[in-house]
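Each remark here refers to the structure printed beneath this line.
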Amino acid sequence: MSPTRASVQWSLRNLLEQNTQFTIAELVRQIEIDGDCPQTRKQVTRLLGQSPETVPIALVGSLCRIFKCTPNDLFGWTLPDNVVDLNPGMTAFTAEARKRAVAGGVPELGDLPDGIEPLDPKEKAKVVGPSMRAMAPHQAGRDPAKGGEK
């Protein structure tokens, strides 16, 4: 038995149906105006009718600009049933980070528990460390023959 593969769904037809101001002819015209990857009416009709084997990245960019969407709106993704999470800790961490991003980022620190004082800014700077600009360039970025940067 061969392993089940993940499936990718091509959602261009759904985007076109959601944006009722676009007909196939109008979509062809908009792609032509965008200019990155011109398509004929026949090519666009084929893209609407079936999932393509390959999609030029320039066409993905054009469609995203036309529909004011992201590539995630053009492509769907379904995992196979037999997927094993090789790093469940990281998966949970990522899911929590997504929830926070959707909720508006990391919340401000509320009241600290009794007996714990917040760090003053000078102490906090010591813990966090200097900014990257304050650090000297790495030696790999220097040309030893010239004694300076590459």
To the nearest 0.5 Å, what is the distance between [atom1] on [X] and [atom2] on [Y]?
| X | Y | atom1 | atom2 | result |
| --- | --- | --- | --- | --- |
| Asn19 | Ile66 | CG | CD1 | 10.5 Å |
| Leu63 | Ser11 | CG | OG | 11.5 Å |
| Cys64 | Asp73 | SG | CG | 7.5 Å |

Worksheet item: Can you tell me if Trp10 uses its side chain to pair, donor with acceptor, with the backbone of Leu47 under 3.5 Å?
Response: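 A pair under 3.5 Å: yes.
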Practice prompt. Would you mind listing every side-chain hydrogen bond (donor to acceptor under 3.5 Å, both in side chains) that reaches into residues 41-55, with sequence neighbours excluded?
Written response: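 Matches after skipping sequence neighbours: Thr40-Gln43.
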Practice prompt. Check side chain to side chain donor-acceptor pair (under 3.5 Å) between Glu26 and all other residues, then give those that pass, not counting sequence neighbours.
Written response: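 Expected list: Arg29, Gln30.
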Practice prompt. Applying side chain to side chain donor-acceptor pair (under 3.5 Å), name anything that partners Arg65, two or more places apart in sequence or on another chain.
Written response: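 For Arg65 the side chain to side chain donor-acceptor pair (under 3.5 Å) partners, ignoring immediate neighbours, are Asp34, Asp36.
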Discussion item. Looking at every non-hydrogen atom in both residues, tell me the closest pair between Cys69 and Leu15 and how far apart they are.
Written reply: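 Between these two residues, the closest heavy atoms are SG-CD1, 3.9 Å.
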Worksheet item: If every non-hydrogen atom of Ser62 is compared with every non-hydrogen atom of Cys37, which pair is closest and at what distance?
Response: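 Shortest heavy-atom contact: OG-N, 4.2 Å.
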Worksheet entry | Residue pairs involving residues 16-68 (criterion ring pair (Phe, Tyr, Trp, His ring centres under 6.0 Å); sequence neighbours excluded) |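 As it turns out, the ring pair (Phe, Tyr, Trp, His ring centres under 6.0 Å) pairs with a partner in residues 16-68, which skip direct neighbours, are Phe22-Phe67.
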Fill in: Qualifying ring pair (Phe, Tyr, Trp, His ring centres under 6.0 Å) pairs, either residue in residues 30-65, two or more places apart
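Qualifying pairs, neighbours excluded: none.
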Item to complete: Would you please name every residue forming a salt bridge (Lys or Arg N to Asp or Glu O under 4.0 Å) with Glu17, sequence neighbours left out?
Response: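 With neighbours one apart ignored, the set is empty.
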Practice prompt. Check the pair Leu16, Leu12 against side chain to side chain contact (heavy atoms under 4.5 Å, CB included), reporting the backbone distance first and the verdict last.
Written response: CA-CA 6 Å; Leu16 188 66; Leu12 181 59; 5.6 Å; no
